[in-house]
Amino acid sequence: MSLSNNPCIITIDGPAGAGKSTVSQGLATRLGYTYIDTGAMYRSVALKAQRQSLSLDDQGAVINLTKNSEVKLNYVDGEVTVYLDGEDVSKAIRVPEVTADASDIAKIPGVREVLVGWQRKMGEADNVVIEGRDAGTVVFPNATYKFYLDADVNERTRRRLRDLKAAGKEVDEQELKKTIEARDHNDSTRKASPLKQADDAIVIDSTHLSIEQTVDEICKIMNKN
Ligand code: DC
């Protein structure tokens, strides 16, 4: 059987801070698959819109900007580099202002349509681990394996806090929790492809699991350990 004709697609959806990125990268590395970070695409479009001082209310302009953009994800040796129109924006897309705008940009159906098209193209070409909010519900409803990664909001807040501290940023824990809850609300109540668990997704609660244990659990379920 030729893999390129029949790639394996593993989707990992879930709320912010559930560990999707680290788990998806760990899984992709272990299996030798390509990793697709769909959030990085929404973030890149948000960054470009900000740089052009575009109002997110002008949906037509944001959709046009998306159509005229190129976002490339390069996953090599466990490192993802995100290129927006050829520029490395891996760090620039992780700042709080872009995080907030990405959540709003992700509500625009025309933007989602364009990005979902890019994501499907990437998934057709290779074995992939794709993470996001709608990977198993909209992008690849016929994925080989679908997982929904969740964790208690307090634990998700603590993880984010740790990441931010490691990056030298001090934030108030309660404020951060509020931001995470607001983003969960925004992502799961929007009309266009809201964050929700696919009916046939396997739910993994990572509250008490390390990254390694979560990847082990997923591999065990897929019989790939
Ligand atoms: O996973 P992340 O934090 O990088 O995602 C950034 C934002 O993009 C988040 O608020 C939700 C949105 N998003 C989405 O709506 N659909 C996706 N497939 C991925 C992300």
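All ligand and atom numbering here is 1-based and tracks the order in the structure.
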Salt bridge [X]-[Y], side-chain N to carboxylate O under 4.0 Å:
X      : Y      : value
Glu155 : Arg158 : yes
Arg30  : Glu212 : yes
Glu124 : Lys121 : no
Arg94  : Asp37  : yes

Is it true that the side chains of [X] and [Y] contain a donor and an acceptor less than 3.5 Å apart?
X      : Y      : answer
Thr22  : Arg159 : no
Arg43  : Thr99  : yes
Glu131 : Ser21  : yes

Can you check whether [X] has an N/O within less than 3.5 Å of an N/O in ligand 1?
X      : answer
Arg133 : yes
Glu131 : no
Asp187 : yes
Arg190 : yes
Arg112 : yes

Sequence neighbours excluded - ring-ring contact (aromatic ring centres under 6.0 Å, His included) pairs with any residue from residues 31-75: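 The answer is Tyr35-Tyr75.
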
Give the residue, atom name and distance (to 0.1 Å) of the protein heavy atom nearest [atom].
atom                    : result
atom 9 (C) of ligand 1  : Arg183 NH1, 3.2 Å
atom 20 (C) of ligand 1 : Gly39 CA, 3.6 Å
atom 12 (C) of ligand 1 : Ala106 CB, 3.7 Å
atom 8 (O) of ligand 1  : Tyr42 CB, 3.7 Å
atom 19 (C) of ligand 1 : Thr38 OG1, 3.3 Å

Any idea which part of Met41 is under 4.0 Å from ligand 1, heavy-atom wise: side chain, backbone, both or neither?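 Neither; nothing of Met41 gets under 4.0 Å from ligand 1.
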
Could you give all pairs that pass the side-chain hydrogen bond (donor to acceptor under 3.5 Å, both in side chains) test and reach residues 188-201, with sequence neighbours left out? Lys146-Asp200

Counting each atom of ligand 1 from 1 as listed, which ones have a heavy atom of Ser103 under 4.0 Å away? 10 (O)

Per-atom contacts of ligand 1 with Arg43, taking only distances under 4.0 Å to non-hydrogen atoms: 2 (P), 3 (O), 4 (O), 6 (C)

